[in-house]
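See below for the structure under consideration.
Keep in mind that what you see is a predicted model, and the values were worked out from it rather than measured. Chain identifiers are assigned alphabetically (A, B, ...) following the order of the sequence lines, protein sequences preceding nucleic acid strands; residue numbering begins at 1 within each chain.
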Amino acid sequence: MNADLVDLLREGLLETLYMVFWSSLFALLIGMVLGITLVVTEKGGLLESPKLSKVIGSIINGVRSLPFIILIVLLLPLSRLIVGTSLGPTAAIVSLSIGAAPFLARIIENSLKEVSAGKMEAAKSVGASPITIIFRVLIPEAMPALVRGVTIGIIGITEFTAVAGAIGAGGLGSLAIRFGYQRFREDVLIATVIIIILLVQVIQWSGDSIVKAIHKKRYKFE
Amino acid sequence: MVNIQSLTKSYKTPKGDIPVLQDIHLQIEKGDIFGIIGFSGAGKSTLIRCLNRLEEPDSGTIEIGGRVITDLAEKELRQARQKIGMIFQQFHLLDAKTVYQNVAFPLEVAGHPRPYIHQRVREIVDLVQLGDKENTYPSQLSGGQKQRVGIARALVNSPDLLLSDEATSALDPQTTYSILELLKEINRQLKLTIVLITHELDVLQHVCNNMAVIENGRIVETGSVEKFFLHPESDTAKRFVHIIDYYRDKRHVMEGVGAGI
Ligand SMILES: Nc1ncnc2c1ncn2[C@@H]1O[C@H](COP(=O)(O)OP(=O)(O)O)[C@@H](O)[C@H]1O
Ligand SMILES: [Mg+2]
């Protein structure tokens, strides 16, 4: 491996990590708010409001039905508005966050639904408010499922990052396209693929470890 | 202590409203252990859940300790619930919290200071004989121990009323017995009024002083537990009592046969 390749890969990796980190954070925040809202507003929920539930559900389905690459293009003006440019990793974070948030919202919704209604009723019966129940019961009880789901979400964002690379976001995806595809540099192509695979493995492994630690604490077994 | 007047409740289904409680009237004295017995689907759970409004009644009034529960707005209702403990058939403990944290939860909700919470949780955990399990998670407890945690959680904030929705139905007979003994002990020590629903005669016989029989959403008989066994009036009561008579006769017959040999 020559020095120029190592530099390229390091820069690509750093850009990818930068995009994955911030996009995951923002998508997680938006997804959490939407996911919780979906669960508590559904029929029989803590703050039942079928209309709101339907509106949010429809928006999520709408955004999710668009192919990601088209969503990025649609969101370019928004990136320009928020970060001043539609090129580069920072601009991509805007599209990635918004593109991945509905995906995370659904994952989070499903994780939260695993918490039995009985537990929330028990909390209600001691006089807990909906907010208390959300933060002290719903989220902690769903934690293993949430971590598992969010891990899948972050891996999804990592893949999206590579796609965004194709249209000027930078990162490993962009390297693979610019060098591997356009300049026939197979060594770059293979190296980026290996790094992305490793990155996904590390994310999955981290998620699994957290879940295992929670289980070990709560259930005293693996 | 508890006064229920003209309570009705129906569930809305696509096929129309299904009445579940119809014109329920019931008085429960302070310090009583009051049993509501009925067969499966009679409306027992719905009735007891109306008392703390986990289920919203359609009409009628419920008064608990002088407070008209059915008139309370959301915030007042939450405050009232802090003084109405409830235990469940499936325990409904929080898996993410230790025994200590489960029991402390109602006190945190009520906004008590930490040192008080600490002392009070200790006290109540000792009362239910789980002093050595404070830092254990529910998944590591037996059914009986889980229900003891449930009872501790229901009692920790010194309620005026304890509601029990088939609290022993998921337990084996011996554990059931020990939980019933605990409830009796608590009733005596704390002068706590207990309303419990059950479909088990043993439970009624073992702990209750007074009872009501519920059949198809109506109270068809009330009175002392003795009356229930000696002079059952309603269909349900007769069917229940018939079941024990049946086994008693069978035992006599079998003992008779044994003696004859
Ligand atoms: N959420 C609900 N929606 C529709 N029907 C219900 C609902 N909950 C209970 N029921 C019906 O109400 C009746 C009484 O139920 P329940 O109070 O649970 O009886 P019990 O506790 O005596 O077994 C049953 O016929 C049951 O099917
Ligand atoms: Mg029931």
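Put simply, of B:Ile84, B:Leu77, B:Ile87, B:Val109, the one with the most heavy-atom pairs under 4.5 Å next to chain A is B:Val109.
Both the backbone and the side chain of B:Leu94 come within contact range of chain A, with heavy atoms under 4.5 Å apart. With a 4.5 angstrom heavy-atom cutoff, B:Leu93 touches chain A only via backbone atoms.
Applying the side chain to side chain contact (heavy atoms under 4.5 Å, CB included) rule to A:Val163 yields the partners A:Phe68, A:Ile69; only residues at least two apart in sequence or on another chain are considered.
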Return a table of donor-acceptor pairs under 3.5 angstrom between the side chains of residues 153-162 of chain A and protein atoms on other chains or two or more places apart.
| residue | atom | partner | partner atom | Å |
| --- | --- | --- | --- | --- |
| A:Thr158 | OG1 | A:Ile154 | O | 2.8 |
| A:Thr161 | OG1 | A:Ile157 | O | 2.6 |

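Between A:Pro140 and B:Ala96, the closest heavy-atom pair is O-CB, 3.8 Å.
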Note each donor-acceptor pair with a separation under 3.5 Å, taking one atom from chain A and one from chain B.
| residue | atom | partner | partner atom | Å |
| --- | --- | --- | --- | --- |
| A:Lys119 | NZ | B:Asp95 | OD2 | 2.8 |
| A:Glu121 | OE1 | B:Arg49 | NH1 | 2.7 |
| A:Glu121 | OE2 | B:Arg49 | NH1 | 3.4 |
| A:Glu121 | OE2 | B:Arg49 | NH2 | 2.8 |
| A:Arg136 | O | B:Lys97 | NZ | 2.8 |
| A:Arg136 | NH1 | B:Glu108 | OE1 | 3.3 |
| A:Arg136 | NH2 | B:Glu108 | OE1 | 2.5 |
| A:Glu141 | OE1 | B:Asp95 | N | 2.9 |
| A:Glu141 | OE2 | B:Asp95 | N | 3.0 |
| A:Glu141 | OE2 | B:Ala96 | N | 2.9 |
| A:Arg218 | O | B:Ser139 | OG | 2.6 |
| A:Arg218 | O | B:Gln140 | NE2 | 3.3 |

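Among residues at least two apart or in separate chains, there is no salt bridge (Lys or Arg N to Asp or Glu O under 4.0 Å) pair with a member in residues 83-97 of chain A.
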